[in-house]
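Since the structure comes first, as structure tokens, the remarks are kept for the end.
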Amino acid sequence: MGGPRRLLLISNSTLHGGGYLGHCQQHIQSFLGQKVKRVLFIPYALHDRDAYARTAREKFESLGYGLDSIHESCDPVEAVRKSEAIFIGGGNTFRLLKALYDNSLIHEIRKRVLEDGIPYMGSSAGTNVATISINTTNDMPIVYPPSLKALGLVPFNINPHYLDPDVKTTHMGETREERIRQYHEEPNTPPVLGLREGTMLLVEGDKATLQGVTGARLFLRGKKPTEHEPGTDFSFLLTDSNPLNP
């Protein structure tokens, strides 16, 4: 197939008041287009993979796409090799990444996306694993993957479900911004893009564009965070960072 990388990295699967992937279904259809007929779904982030696959299949079929769930395949590596497009859903990022390593899928997915050019979609945990590492996930480490290094489809990190500080709260725990700042206190840490609910990043080759209905907050090590609205060109994040080579 070939061609440049094509990624749709979504902050969240469900937006308040809507159904599964309802807030981004038009983006999905525009992203996948008419050439893609079937999507390979990776439900490893949730424990009940059968139920997760049913939810995803119902949604994608309503959009005109068939869906195969990788957990139903006797050979997950071969399923990736034959896939037309890949969608990794949300859940626990540690559980997801461990399963990708356990099934020897890190290299195969990278090859299909970066070399063969098949479309990759992620939401929440599926967006986390598309980046350099899962260091900026919000999830608890309920299992222990062999590494925090992820797929490295982009040379920076993302924080899905980014939350702004609540000025009215009496909760004294760290804000999301403080936790990302703590991450950047470590040496050689890459940029972190905080994607609020309803926001996604579209990557086409060397161009990255913020899409959706809310904004994003960009964190660069040693600098003040900046606010960005949908339509922002984030292409510089694809070239100004050091790519990961897992």
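Along the sequence shown, residues carry numbers from 1. Keep in mind the model is a prediction, meaning the values are calculated, not measured.
Smallest separation of non-hydrogen atoms from Gly198 and Asn12: N-OD1, 2.7 Å. Taking every heavy atom of both residues into account, Ile70 and Ala79 meet most closely at CG1-CB, 4.2 Å. The shortest non-hydrogen separation linking Asn128 to Ala150 is O-CB, 4.3 Å. Residues Thr189 and Glu186 share a closest heavy-atom pair of OG1-O, 3.0 Å. Between Leu97 and Ser147 the shortest heavy-atom distance is CD2-O, 3.2 Å. In this structure, Gly91 and Leu46 approach most closely via the heavy-atom pair CA-CD2, 3.7 Å.
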Let's go through Val192 and Ile158 carefully: what are the C-alpha distance in whole Å and the side-chain angles of both, what is the deciding distance for side chain to side chain contact (heavy atoms under 4.5 Å, CB included) to 0.1 Å, and is it a yes or a no? CA-CA 5 Å; Val192 178; Ile158 287 176; over 6 Å; no

Steps toward side chain to side chain contact (heavy atoms under 4.5 Å, CB included) verdict (Lys149, Tyr101): CA-CA 10 Å; Lys149 292 180 180 179; Tyr101 275 108; 3.9 Å; yes

Take Phe87 and Leu21 through the test side chain to side chain contact (heavy atoms under 4.5 Å, CB included) and record every step on the way to the result. CA-CA 12 Å; Phe87 171 47; Leu21 297 176; 4.1 Å; yes

If you apply the rule side chain to side chain contact (heavy atoms under 4.5 Å, CB included), what do you find for Tyr44 with Leu105, and how did you get there? CA-CA 12 Å; Tyr44 293 155; Leu105 295 176; 3.8 Å; yes

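Expressed to the nearest 0.5 Å, how far CG of Asp116 lies from CZ of Arg110 amounts to 12.5 Å. Taking OH of Tyr20 as the start and OG of Ser62 as the end, the distance is 11.5 Å to the nearest 0.5 Å. Distance NE2/His161 to OG/Ser13: 7.0 Å, rounded to 0.5 Å. A distance of 11.5 Å separates OG1 of Thr131 from CG of Leu201, quoted to the nearest 0.5 Å. Atom CZ of Arg6 is separated from atom CG of Leu202 by 7.0 Å, given to the nearest 0.5 angstrom.
Put simply, the side chain of Ser83 reaches to within 4.5 Å of the side chain of Ile118, judged on heavy atoms. Considering only heavy atoms from C-beta on, Ile42 comes within 4.5 Å of Ile109 through its side chain. The side-chain heavy atoms of Leu193 and Asn159, taken from C-beta on, include no pair separated by under 4.5 Å. Residues Glu185 and Gln182 have side chains in contact (heavy-atom distance under 4.5 Å, counting atoms from C-beta outward). Gln25 places a side-chain heavy atom less than 4.5 Å from the side chain of Leu63. Ile10 has its side chain out of reach of Ser124: every pair of non-hydrogen atoms, C-beta onward, lies at least 4.5 Å apart. At a threshold of 4.5 Å between non-hydrogen side-chain atoms, the residues Cys24 and Met200 count as touching. The shortest distance between side-chain heavy atoms of Leu210 and Leu195 falls below 4.5 Å.
Residue pairs satisfying the salt bridge (Lys or Arg N to Asp or Glu O under 4.0 Å) criterion with at least one member in residues 89-106, sequence neighbours excluded, are listed as follows: Lys98-Asp102. Residue pairs meeting the salt bridge (Lys or Arg N to Asp or Glu O under 4.0 Å) criterion with at least one member in residues 22-35: none, sequence neighbours excluded. Annotation: salt bridge (Lys or Arg N to Asp or Glu O under 4.0 Å) contacts involving residues 47-66, sequence neighbours excluded, comprise Arg57-Glu72. Contacts classified as salt bridge (Lys or Arg N to Asp or Glu O under 4.0 Å) and involving residues 209-227 (residues at least two apart or in different chains) are given here: Glu177-Arg217, Arg196-Glu227, Arg217-Glu227.
In this structure, a donor-acceptor pair under 3.5 Å is present between the side chains of Thr93 and Asp139. Arg176 and Asn138 form a side-chain donor-acceptor contact under 3.5 Å, judged by distance and modelled atom types alone. Checked by atom type, the side-chain pair Thr214/Thr199 shows a donor-acceptor distance below 3.5 Å. Looking at Thr226 and His228, their side chains do bring a donor and an acceptor atom within 3.5 Å of each other.
Within the 3.5 Å criterion, the main-chain N or O of Gly126 finds no donor-acceptor partner in the side chain of Ser123. A donor-acceptor pair under 3.5 Å is formed between the side chain of Glu84 and the backbone N or O of Lys37. Listed for the His184 side chain is a donor-acceptor partner under 3.5 Å among the backbone atoms of Pro190. Side-chain atoms of Glu178 come within 3.5 Å of backbone N or O of Thr175 as a donor-acceptor pair.
Contacts of Tyr52 classified as ring pair (Phe, Tyr, Trp, His ring centres under 6.0 Å), with partners at least two apart in sequence or in another chain: Phe41. With sequence neighbours left out, Asp206 forms a salt bridge (Lys or Arg N to Asp or Glu O under 4.0 Å) with Arg5. For Glu108, the side chain to side chain donor-acceptor pair (under 3.5 Å) partners are Arg81, not counting sequence neighbours. Taking Lys207 as the reference, Thr209, Asp233, Ser235 meet the side-chain contact (heavy atoms from CB on, under 4.5 Å) condition, with sequence neighbours excluded. Taking Phe219 as the reference, Tyr162 meet the ring pair (Phe, Tyr, Trp, His ring centres under 6.0 Å) condition, with sequence neighbours excluded. Judged as a side-chain contact (heavy atoms from CB on, under 4.5 Å), and not counting sequence neighbours, the contacts of Asp68 are Arg38, Leu40. Residues satisfying the side chain to side chain donor-acceptor pair (under 3.5 Å) criterion with Tyr183, sequence neighbours excluded, are Asn157. Every residue meeting the side chain to side chain donor-acceptor pair (under 3.5 Å) condition with Asn135, not counting sequence neighbours, appears here in chain and number order: Ser133.
The hydrophobic cluster containing Met140 also contains Ile134, counting ILVMFWY residues as joined when their side-chain heavy atoms lie under 4.5 angstrom apart, directly or transitively.
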